[in-house]
Visitor: 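There's a structure below that I have some questions on.
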Amino acid sequence: MPGMVRKTASPQSAGRQRLSLILEALNRRFPDAKCALEHRSAFELLIATILSAQCTDERVNIVTRDLFRKYPGPQAFTTAPPGELEQEIRSTGFYRNKARSIQGASRMIVERFGGRVPETMEELVELPGVARKTANVVLGVAFGKAEGIVVDTHVTRVSRRLELTKETVPERIEQDLMAVIPRSRWIAFSHQMILHGRHICKARKPLCLVCPVEPVCRSKDKTTVFPPSKTAAGAGRKQRG
């Protein structure tokens with residue numbers, strides 16, 4: 001009609017709608033996403049997370065099955081011969097630094113926190129070998145506390161591809177994500193993004209044809225030009241199952 005002004009969505013409104021679609025898609029694909037590190041206590045989760053640096057969760061789980069039987073708690077780790085502990089965790093990589101961190105963290109837990117893993121961000125990051133990423137894992141998984149968002153290599157890659165951040169430093173990426181993701185979603189979002197990056201939004205060849213967020217993804221390295229392969233289709237069925 002003459003004189004009618006066409007209303008368009010504001011950039012802020014469009015951004016919120018796009019984010020909502022991303023969160024809904026991740027929920028559908030990974031409704032029961034959880035931490036892949038095997039553990040029976042907050043302490044075991046802490047040690048497993050320290051070991052997971054530059055190592056796969058699968059390898060860590062293999063190592064910790066025997067490790068936690070041999071050293072059943074923080075006191076046992078503090079008295080372990082350093083060389084012996086290093087050999088126990090050697091296959092996880094960077095084993096000397098990890099052994100020092102594990103023994104230092106165990107010693108502080110025993111001497112300062114009465115043998116219990118602290119439940120605050122401020123106290124956790126005081127432990128040797130523990131930065132925000134490790135603290136966020138422990139707080140979210142072991143204690144159900146959403147104090148931040150876990151930012152690993154998968155979350156970094158996927159967040160940048162989805163234009164949720166332009167940053168490259170984990171701490172700044174986390175701040176950008178915390179500003180737009182509802183706090184009630186922080187814990188689940190972390191696990192979903194890790195799974196999404198690990199199984200679908202891979203570094204070298206993302207499986208865009210089975211990606212639940214592909215319709216709203218504007219990444220320059222999308223790979224939708226190749227025909228679906230049995231491998232890609234199988235990955236999609238596996239994640240939906």
Visitor: List in chain and number order the residues that pass salt bridge (charged side-chain N to carboxylate O under 4.0 Å, His left out) with Glu171, two or more places apart in sequence or in another chain; answer none if no residue qualifies.
Guide: none

Visitor: Treating Ile, Leu, Val, Met, Phe, Trp and Tyr as nodes and any side-chain heavy-atom pair under 4.5 angstrom as an edge, say whether Val169 and Ile149 lie in one connected cluster.
Guide: no

Visitor: Can any side-chain N or O of Asp176 pair as donor or acceptor with the backbone N or O of Thr165 at less than 3.5 Å?
Guide: no

Visitor: Could you check whether any side-chain heavy atom of Leu127 comes within less than 4.5 Å of a side-chain heavy atom of Pro118, counting everything from C-beta outward?
Guide: yes

Visitor: Do Asn136 and Val151 come close enough that some side-chain heavy atom pair is under 4.5 Å?
Guide: no

Visitor: Hey, is the main chain of Ser91 close enough, under 3.5 Å, to the side chain of Arg59 for a donor-acceptor pair?
Guide: no

Visitor: Looking only at atom types and distance, does a side-chain atom of Thr64 sit under 3.5 Å from a main-chain N or O of Leu67, one as donor and one as acceptor?
Guide: no

Visitor: When you look at Ser52 and Asp57, which way does the side chain to side chain contact (heavy atoms under 4.5 Å, CB included) test go after all the steps?
Guide: CA-CA 6 Å; Ser52 70; Asp57 290 348; 4.0 Å; yes

Visitor: Are Val216 and Leu177 linked, directly or through other ILVMFWY residues, by side chains that come within less than 4.5 angstrom of each other?
Guide: yes

Visitor: Under 4.0 Å between a side-chain nitrogen and a carboxylate oxygen: does that hold for Asp152 and Lys133?
Guide: no

Visitor: Please say yes or no: joined through hydrophobic side-chain contacts below 4.5 Å, possibly via intermediate residues, are Val150 and Val155 part of one cluster?
Guide: yes

Visitor: Grouping I, L, V, M, F, W and Y whenever their side-chain heavy atoms are under 4.5 Å apart, do Ile187 and Leu23 come out in a common cluster?
Guide: no

Visitor: Would you sort out whether Val63 and Tyr95 count as a side chain to side chain contact (heavy atoms under 4.5 Å, CB included), showing the intermediate values?
Guide: CA-CA 12 Å; Val63 170; Tyr95 59 93; over 6 Å; no

Visitor: Side chains of Thr79 and Gln75: is there a donor and an acceptor less than 3.5 Å apart?
Guide: no

Visitor: Which atom pairs, donor and acceptor, lie under 3.5 Å between side-chain atoms of residues 43-50 and protein residues at least two apart or in another chain?
Guide:
from  : atom 1 : to    : atom 2 : distance (Å)
Glu44 : OE1    : Arg40 : N      : 2.8
Glu44 : OE1    : Arg40 : NE     : 3.3
Glu44 : OE2    : Arg40 : NE     : 3.2
Glu44 : OE2    : Arg40 : NH2    : 2.6
Thr49 : OG1    : Leu45 : O      : 2.7

Visitor: Quick one: does Ile109's side chain get under 4.5 Å of Thr78's, heavy atoms only?
Guide: no

Visitor: Side chain of Arg160, backbone of Glu167: donor and acceptor closer than 3.5 Å?
Guide: yes

Visitor: To the nearest 0.5 angstrom, please state how far the CD1 atom of Ile62 sits from the CD atom of Glu38.
Guide: 9.5 Å

Visitor: Minimum heavy-atom separation for Ala135 to Val125, with atom names?
Guide: CB-CG1, 4.1 Å

Visitor: Val117 and Ala42: which non-hydrogen atoms are nearest, and at how many Å?
Guide: CG2-C, 3.9 Å

Visitor: If I compare all heavy atoms of Val213 with all of Ala25, which pair ends up nearest, and what's the gap?
Guide: CG1-CB, 3.5 Å

Visitor: Between Glu84 and Lys70, does at least one N-O distance fall below 4.0 Å, as a salt bridge requires?
Guide: yes

Visitor: Taking side chain as C-beta onward, heavy atoms only, is Arg100 less than 4.5 Å from Pro128?
Guide: no

Visitor: Using 30° and 60° as the class boundaries, would you call the ring planes of Tyr71 and Phe77 parallel, tilted or perpendicular?
Guide: tilted

Visitor: Would Ile102 end up clustered with Met108 when hydrophobic side chains under 4.5 Å apart are linked, directly or stepwise?
Guide: yes

Visitor: Between atom CZ of Arg116 and atom OG of Ser41, what is the distance when rounded to the nearest 0.5 Å?
Guide: 10.0 Å

Visitor: Looking only at heavy atoms, which two atoms of Arg161 and Cys201 are closest? And how far apart?
Guide: NH1-SG, 3.2 Å

Visitor: To the nearest 0.5 angstrom, please state how far the CD atom of Glu86 sits from the OG1 atom of Thr92.
Guide: 11.0 Å

Visitor: Are the side chain of Lys222 and the backbone N or O of Cys217 linked by a donor-acceptor pair below 3.5 Å?
Guide: yes

Visitor: Count the heavy atoms belonging to other residues, nucleotides or ligands that lie under 6.0 Å from CZ of Arg96, then report whether that count exceeds 12.
Guide: no

Visitor: Do Lys98 side-chain atoms and Gly93 backbone N/O form a donor-acceptor pair below 3.5 Å?
Guide: yes

Visitor: Would a distance-only check, ignoring hydrogens and angles, find a side-chain to backbone donor-acceptor pair under 3.5 Å from Ser20 to Arg16?
Guide: no

Visitor: Under 3.5 Å, is there a donor-acceptor pair between the side chain of Arg28 and the main chain of Pro212?
Guide: no

Visitor: Can Glu147 and Arg132 be counted as an ion pair, charged N to O under 4.0 angstrom?
Guide: no

Visitor: May I have the step-by-step check of side chain to side chain contact (heavy atoms under 4.5 Å, CB included) for Leu51 and Leu37, ending in yes or no?
Guide: CA-CA 10 Å; Leu51 291 173; Leu37 294 171; over 6 Å; no

Visitor: Verify the distance criterion only: is there a donor paired with an acceptor across the side chains of Gln192 and Arg185 at less than 3.5 Å?
Guide: yes

Visitor: Of all heavy-atom pairs between Ala36 and Arg198, which one has the smallest distance, and what is that distance?
Guide: CB-NH1, 4.0 Å

Visitor: In terms of side-chain heavy atoms, does Glu123 have a donor or acceptor partner in Thr120 at a distance below 3.5 Å?
Guide: yes

Visitor: Rounded to the nearest 0.5 Å, how far does SG of Cys211 lie from NE2 of His199?
Guide: 13.5 Å

Visitor: Which pair of heavy atoms, one from Arg157 and one from Lys202, lies closest together, and at what distance?
Guide: NE-C, 3.6 Å

Visitor: Run the side chain to side chain contact (heavy atoms under 4.5 Å, CB included) check on Thr56 and Val60 step by step: do they pass?
Guide: CA-CA 6 Å; Thr56 66; Val60 172; over 6 Å; no

Visitor: Got a second to check how far Thr168's OG1 is from Ile173's CD1, nearest 0.5 Å?
Guide: 6.5 Å

Visitor: Just how far is it from atom CH2 of Trp186 to atom CD1 of Ile181, taken to the nearest 0.5 Å?
Guide: 10.0 Å

